[in-house]
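Position 1 is the first residue of the sequence, and the numbers go up from there.
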Amino acid sequence: MRITDTSDLWWKSAVIYCLDVETFLDADGDGIGDLEGLAQRIDYLADLGITCLWLMPFYPSPDRDDGYDIKDYLSVDERLGDLGRMVEILRLAHDRGLRVIADLVVNHTSDQHPWFRRSRAEKDPAKNPYRDYYVWRADEPGDTSAQVVFPDQEDSIWTKDDKTGEWYLHHFYRHQPDLNLDHPEVVAELLRAVGFWLELGFDGFRVDGVPFFAQGPGKEGGDDLVDPHAFMKQLRDFVQLRRGDAVTLGEVNLAHEDQLAFFGGDAADEFHMQFDFIGMQATYLSMARQDARPLATALQERPELHRTNQWATFLRNHDELTLDKLSDAERQEVFDAFGPEERMQVYGRGLKRRLPTMMGGEPRRLRMAYSLLFSLPGTPTLYYGEEIGMGEDLAAEGRMAVRTPMQWSATKNGGFSSARPSRLVQPVVGDGYGPEHVNVMDQLHDPDSLLSWIRTLIRIRHACPELGWGELEILEHDAGPAVLAHRLSLESTAVVAVHNLGADPVTVTVPTHGFGGDPRVVDLVTHDVLAAPGTEVPCALEGYGVRWLRVRPTGDLAVP
C-alpha cells in the first residue's frame with residue numbers, strides 16, 4: 001500500500017463515534033438534546049481523536065422507536081433543530097477534520113409517513129400508485145411469531161389494516177410498515193434522499209437492519225420478495241457516483257458467508273464496511289471464560305476481504321448487546337458472567353448493559369477490554385459515553401437502557417440539560433455510575449482516567465496504519481489460554497498486541513522474527529525502546545494487563 005491510500009480509503013483507518021443528538025447535549029433547556037448542543041461539543045470530539053461521527057436518526061418522527069420510525073426522509077426533527085443547524089454541524093465537523101455519516105433506515109417507515117397513509121387510501125394498485133410502496137397481502141398470514149424482531153412486543157410480522165381489510169408486512173413494530181424495496185419508485189425516492197444528504201455534506205451512511213431487506217418469506221410463505229443484493233448494488237452505485245469518497249457501513253448480523261456476499265465478494269460492489277457481530281460476540285465469550293481462544297478462532301475464520309473493504313469492530317452499540325450467534329450454552333456463560341439477573345437480559349438473546357457495569361467497575365479489566373477493541377484488525381467504533389465508562393438504566397425498557405443522557409459534569413442532570421429532571425428525554429443514570437461519579441469534566445485532565453486511556457488508544461491507531469491495513473497473525477506462546485497475542489504486519493513494520501484476559505499475572509515471550517537479527521521494538525504506550533535479544537521480547541503482564549509493541553528493522557527511520 002501507499003500512504004496516500006489511507007486517505008483514499010479513509011474508513012480503513014477511521015475511529016467512529018456514534019451518538020444520538022437528543023441525548024448528547026441540550027442547549028435550549030427543553031430537556032431534549034439538539035444540534036446546537038452538538039455544535040458546542042464538536043471540539044470535544046475532535047480532541048478525543050475520533051475521525052468519523054455517526055449520527056443516529058435525526059429525521060422527523062413520532063419517536064415511538066427512538067427515531068427509527070421515520071415520517072420524512074428529507075428533513076430534521078424540529079425538536080433537534082433544522083436543516084440550517086445541520087449544515088452548520090457538517091461545516092464545523094469538516095473544519096475540525098471529522099467526517100459525518102447518517103443512519104439510513106430503508107427497511108421501514110413510520111405508519112405516519114405520507115406514503116403509508118396514501119397506501120391505505122385504496123387497496124387497488126391500479127387506482128393507488130402508493131399501494132405497492134409497502135407489502136400487502138389479502139390472505140391470512142398464519143403464525144409468524146418466530147420471525148418477529150421484538151418477541152416481547154409483537155407476535156406476528158403481519159398486521160391487519162382495519163381500513164382496507166388486508167395485512168401489511170412489518171418485521172419490526174406494527175407501527176413500522178416495511179417498504180417494498182422491489183418497487184422502482186420506492187428505490188428512486190430513497191436514492192433521492194441519499195443524494196440530498198450527500199449534497200448537504202454527509203460523508204456516507206450506516207445502513208440499518210440489512211438482513212431484513214429480503215422481506216421474506218413472501219406473501220405465500222415462499223421465496224423472498226426482494227433481492228437485497230440488487231438493492232445494495234443500486235445504493236452503492238448511486239453513492240459512488242454522487243460522492244466518490246463516501247462510505248456505506250452495514251448492520252449485517254449474519255454468518256460470515258452471507259456477510260461476504262453483502263460486501264459484494266470479489267467485486268466489492270456492495271458495502272464498504274460491515275460490523276463484525278461474530279467477533280464482538282466471541283470477544284464477550286472469551287472475556288467471560290478468561291480464555292482468548294474463542295476470539296482468536298473468530299478472527300481467523302473471518303473471510304478474506306477485498307482491499308477496499310473493512311470490518312467495523314465494537315464492544316457496544318445502541319441496541320441490545322446481541323449474543324444470537326453463540327450457542328445456547330455459550331450464551332448462558334456470558335449471561336452468568338455479565339448479566340446474571342433477568343432484568344439485565346433482553347429478548348432472551350442479549351444484554352441491556354454497558355461494559356463498565358458488566359466488568360463490575362474493575363478499571364484494569366475495562367482498560368484491557370478497550371485496548372483489545374482498538375488492537376483488533378478493523379475500524380473501532382465507540383458508542384457515546386463509552387470513553388468515560390457510563391453505565392445503564394436497568395429500569396428503562398429494552399434497548400433504551402443504554403440510551404441515557406451524556407454525562408458531562410457532576411452538576412444537575414449531569415450537565416446534559418438545565419431542564420427539570422422530569423422533562424428530560426430520558427432519565428440520567430443513577431447509583432454508582434451516575435454523573436456525580438462518572439463524567440467528562442472529572443476525567444478530562446486526569447491522566448489515569450478511562451478518558452485519557454481511550455485518547456491514548458486512539459493516538460496509537462492514528463500512528464499505526466498496520467492496525468487498519470495489516471495482515472493478521474495469531475502468535476503462539478506458552479503463557480496459557482488467557483492470553484491473546486497477535487501481530488498486524490504491513491510491509492516492513494508490524495504492531496504486536498498482547499492482552500491478558502485473566503486475573504492472574506503472566507509472562508509472555510513475543511516473537512519478533514522477520515525484521516532482521518536485531519529489530520527495533522518500541523512500546524507504543526510508554527514510548528520506551530526495548531532491547532530485543534535475538535528474535536524474542538519477554539513481556540510481563542499483570543492481571544488484565546496489556547502491551548502494545550511496534551517492531552521495525554534496525555535503522556528504519558520512519559516517523560512515527
Working note: Trp469 + Ser13, criterion side chain to side chain donor-acceptor pair (under 3.5 Å); need CA distance, chi angles, decisive distance, verdict. CA-CA 8 Å; Trp469 289 76; Ser13 303; 3.1 Å; yes

Donor + acceptor pair across side chains of [X], [Y] (<3.5 Å):
X	Y	result
Tyr384	Thr23	yes
Thr51	Trp10	no
Thr404	Glu392	no
Asp336	Gln332	yes
Asp324	Gln281	yes
Ser449	Ser452	yes

Are any of the side-chain heavy atoms of Trp311 and Met273 separated by less than 4.5 Å?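 No, every pair of side-chain atoms sits at 4.5 Å or beyond.
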
May I ask you to test the Thr379-Leu249 pair for a side-chain heavy-atom distance under 4.5 Å?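 No; the side chains remain at least 4.5 Å from each other.
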
Can I get a per-line list of side-chain donor-acceptor pairs under 3.5 Å for residues 471-481, giving both atom names and the distance, sequence neighbours left out?
from, atom 1, to, atom 2, distance (Å)
Glu473, OE1, Arg487, NH2, 3.2
His477, ND1, Ala479, N, 3.1
His477, NE2, Val483, O, 2.9

Begin from the C-alpha positions of Glu387 and Tyr370 and carry the test side chain to side chain donor-acceptor pair (under 3.5 Å) through to its verdict. CA-CA 9 Å; Glu387 73 273 23; Tyr370 282 111; over 6 Å; no

Test: [X] and [Y] ion pair at under 4.0 Å:
X	Y	answer
Arg206	Asp208	yes
Asp269	Arg236	no
Asp319	Lys352	no
Glu199	Arg242	no
Lys12	Asp5	no

Tell me every residue that passes side chain to side chain contact (heavy atoms under 4.5 Å, CB included) with [X], counting only those two or more places apart in sequence or in another chain.
X	answer
Thr526	Asp523, Asp528
Phe262	Val210, Pro228, His229, Met232, Val252, Leu254, Glu270, Phe271, Gln274
Ala246	Leu198, Val239, Arg243

ring-ring contact (aromatic ring centres under 6.0 Å, His included) evaluation trace for Phe196 with Phe205: CA-CA 12 Å; Phe196 174 79; Phe205 301 92; over 10 Å; no

Go through Tyr383 and Phe314 one step at a time and tell me if the ring-ring contact (aromatic ring centres under 6.0 Å, His included) criterion holds. CA-CA 9 Å; Tyr383 183 50; Phe314 67 107; over 10 Å; no

Qualifying residues under salt bridge (charged side-chain N to carboxylate O under 4.0 Å, His left out), relative to [X], sequence neighbours excluded:
X	answer
Arg91	none
Asp8	none
Arg99	Asp245
Glu386	none

Point-to-point distance, once rounded to the nearest 0.5 Å, from [atom1] of [X] to [atom2] of [Y]:
X	Y	atom1	atom2	value
Leu467	Leu490	CG	CG	10.0 Å
Leu315	Leu355	CG	CG	6.0 Å
Ser286	Leu484	OG	CG	8.0 Å
Leu444	Leu48	CG	CG	10.0 Å
Ile388	Ile454	CD1	CD1	11.0 Å
Asn309	Phe263	CG	CZ	5.0 Å

Any idea which heavy atoms bring Thr313 and Pro377 closest together, and the distance?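 Smallest heavy-atom distance, with atoms named: CG2-O, 3.8 Å.
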
For Thr512 and Glu536, work out which heavy atoms get closest and say how close.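 Residues Thr512 and Glu536, closest heavy atoms: OG1-N, 3.6 Å.
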
Qualifying salt bridge (Lys or Arg N to Asp or Glu O under 4.0 Å) pairs with a residue from residues 271-290, counting only residues at least two apart or across chains: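 Every pair satisfying salt bridge (Lys or Arg N to Asp or Glu O under 4.0 Å) with a residue in residues 271-290: Asp276-Arg302, Arg289-Glu333.
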
Any pair with a residue in residues 444-463 that passes salt bridge (Lys or Arg N to Asp or Glu O under 4.0 Å), sequence neighbours left out, goes on the list, sorted by first then second residue, please.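 For residues 444-463: Asp47-Arg455.
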
So His272 and Gln240, side chain to side chain donor-acceptor pair (under 3.5 Å) or not? Walk me through it. CA-CA 11 Å; His272 297 93; Gln240 293 293 109; 3.1 Å; yes

Can you tell me which residue pairs pass the ring pair (Phe, Tyr, Trp, His ring centres under 6.0 Å) test with a partner in residues 316-336, sequence neighbours excluded?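 Output for this query lists Trp54-His318, Tyr68-His318.
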
Honestly, is Arg353 close enough over Tyr284, meaning NZ or CZ under 6.0 Å from the six-membered ring centre and within 45° of the axis?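 No cation-pi geometry.
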
Is Arg365 reaching over with its side chain to a backbone N or O of Met287, donor-acceptor style, under 3.5 angstrom?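 Confirmed, Arg365 side chain pairs with Met287 backbone.
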
Pair Glu466, Ser489 - check side chain to side chain donor-acceptor pair (under 3.5 Å), show working. CA-CA 6 Å; Glu466 298 97 318; Ser489 303; over 6 Å; no

Hey, can you tell me if His171 and Phe212 have their rings parallel, tilted or perpendicular (30° and 60° cut-offs)?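 Correct class here is tilted.
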
His445 atom NE2, over 12 foreign heavy atoms within 6.0 Å: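 Open: at most 12 neighbouring heavy atoms sit under 6.0 Å from NE2 of His445.
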
Output all residues satisfying ring-ring contact (aromatic ring centres under 6.0 Å, His included) with Tyr59, sequence neighbours left out; order by chain, then residue number.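 Here the qualifying residues are Trp197.
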
